[in-house]
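A, B, ... follow the sequence lines: proteins, then strands. Residue 1 opens every chain.
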Amino acid sequence: MKIASWNVNSLNVRLPHLEQWLRAFGPDVVGLQETKLEDHRFPDEALAALGYRSVFSGQKTYNGVAILARGPLQDVVVGIPGFEHEHRRAITATVDGIRIVNLYVVNGQAVGTDKYAFKLEWLAAVHAWLAQEIRDHPELVVLGDFNITPDARDVHDPAVWHDGHILSSVAERSALRALLDLGLHDGYRLAQPEGTEFSWWDYRQAAFRRNLGLRIDLTLVSDALRGSVVGAGIEREPRTWERPSDHAPAWVELAR
DNA sequence: ATGGTGGCGGAGCCA
């Protein structure tokens with residue numbers, strides 16, 4: 001069972017890329033972020049033609065999340081229960097007995113800004129909610145664009161992406177650590193302890209060609225699923241295509 | 001310190 005996460009940065013623009021990649025890679029479950037589409041515009045019929053059902057929560061211009069799966073998507077929850085706001089950044093569903101939480105974590109802009117404070121509030125709300133969710137669903141996968149680099153191995157230049165810098169700051173990494181401490185594990189690190197792949201490269205300054213990237217797109221698996229992980233990786237190829245998303249798909253495979 | 005690119009929407013915001 002291959003479970004993937006991809007920030008597509010506009011599904012309107014990237015639907016052909018998604019279709020091509022679904023055909024080539026054949027994931028069983030995919031969490032999408034930054035669809036930037038209102039729900040009535042979501043291309044569920046085009047995806048159904050490829051064998052994927054979908055659930056989605058979107059808005060115009062910003063944010064927007066979806067889960068695609070080959071099988072039924074059950075017990076869907078939109079947003080973070082008890083933490084209401086206008087951003088469409090979270091959607092959850094059960095697929096084949098596995099609870100899938102798909103997150104588009106707040107970017108935070110810069111340390112010390114209002115957006116940064118909101119990022120930490122949002123992550124605290126996610127923590128409180130996942131604490132309950134993992135009790136109710138021990139077989140849990142939390143995936144998405146976390147907008148946090150787990151540690152120095154996950155940045156191209158630790159001198160720039162240091163402990164006071166957005167996406168790498170102490171508070172952000174602590175918030176991610178708190179999620180992991182609920183009983184979750186970074187699928188990529190389980191499968192590739194020495195891996196140095198990135199999942200995001202800035203559009204500017206030829207960052208992809210120079211491999212100036214970060215690993216911020218994660219697939220976390222719960223204790224109950226840890227022993228089932230048979231692989232994990234990042235799909236670099238879609239980032240080489242014409243007019244790509246700035247993110248590459250990150251995936252984990254479970255033996256089931 | 002600034003601006004570099006891309007999406008959306010049609011100027012400026014967000015990343």
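Between A:Asn63 and the choices A:Glu34, A:Arg88, A:Arg89, the side-chain hydrogen bond (donor to acceptor under 3.5 Å, both in side chains) rule is met once, by A:Arg89.
Comparing A:Arg204 and A:Asn12 by the nucleotide of DNA chain B that holds the closest heavy atom to each, the one mapping nearer the 5' end is A:Arg204. Between A:Arg243 and A:Gln205, the one whose closest nucleotide on DNA chain B sits nearer the 5' end is A:Gln205.
For the pair A:Asn63 CG and B:dC13 C1', the computed distance is 12 Å after rounding to whole Å. Counting to the nearest Å, the P atom of B:dC13 and the NE2 atom of A:His87 are 15 Å from each other. Regarding A:Ile166, its CD1 atom lies at a distance of 11 Å from the C1' atom of B:dA15, rounded to whole Å. Between the OH atom of A:Tyr116 and the P atom of B:dA15 there is a distance of 15 Å, rounded to whole Å. What separates CG of A:Asp114 from C1' of B:dC14 is a distance of 15 Å, to the nearest Å. Remark: P of B:dA15 and NE2 of A:His247 are 11 Å apart, rounded to the nearest angstrom. Atom CG of A:Asn107 and atom C1' of B:dA15 are 6 Å apart (whole Å). We find that CZ of A:Arg41 is positioned 12 Å from C1' of B:dG7, with the value rounded to whole Å.
Comparing B:dG9, B:dC14, B:dG3 by their closest approach to the side chain of A:Thr61 singles out B:dG9. Picking from B:dC8, B:dG6, B:dA15 the nucleotide with the shortest atom distance to the side chain of A:Lys115 gives B:dA15. Taking only side-chain atoms of A:Glu34, from C-beta outward, the nucleotide of B:dG4, B:dA15, B:dC8 with the closest atom is B:dA15. Here the side chain of A:Tyr62 is nearest to one of B:dC13, B:dC8, B:dG9, namely B:dC13. Comparing B:dG6, B:dG9, B:dG7 against the side chain of A:Arg14 picks out B:dG7 as the nearest.
Taking atom C1' on both nucleotides, B:dA11 is separated from B:dG7 by 14 Å, rounded to a whole Å. Look at the P atom in both B:dG9 and B:dC14: the space between them is 14 Å, to the nearest Å. The same atom, P, is picked in B:dG6 and in B:dT2; the two are 23 Å apart, to the nearest Å. Comparing B:dG12 with B:dA1, their P atoms are spaced 25 Å from each other, to the whole Å.
Among the heavy atoms of the strands lying under 4.0 Å from A:Tyr104 are primed sugar atoms or P, OP1, OP2 only; no base atom is included. Residue contacts shown for A:Arg209 are absent, as no nucleic acid heavy atom lies under 4.0 Å away.
Checked for salt-bridge contact, A:Lys119 and A:Asp114 miss the test: no charged N lies under 4.0 Å from a carboxylate O. Using a cutoff of 4.0 Å between basic side-chain nitrogens and carboxylate oxygens, A:Arg210 and A:Asp202 are not scored as salt-bridged.
In this structure, A:Leu37 is a member of the same hydrophobic cluster as A:Trp6, with clusters built from ILVMFWY side-chain heavy atoms closer than 4.5 Å.
The cationic group of A:Lys36 does not satisfy the cation-pi geometry with A:Tyr62, failing either the under 6.0 Å distance to the six-membered ring centre or the 45° limit from the ring axis.
Using the six-membered ring where Trp is involved, A:His85 and A:His87 have ring planes that are perpendicular, over 60° apart on the 30 and 60° scheme.
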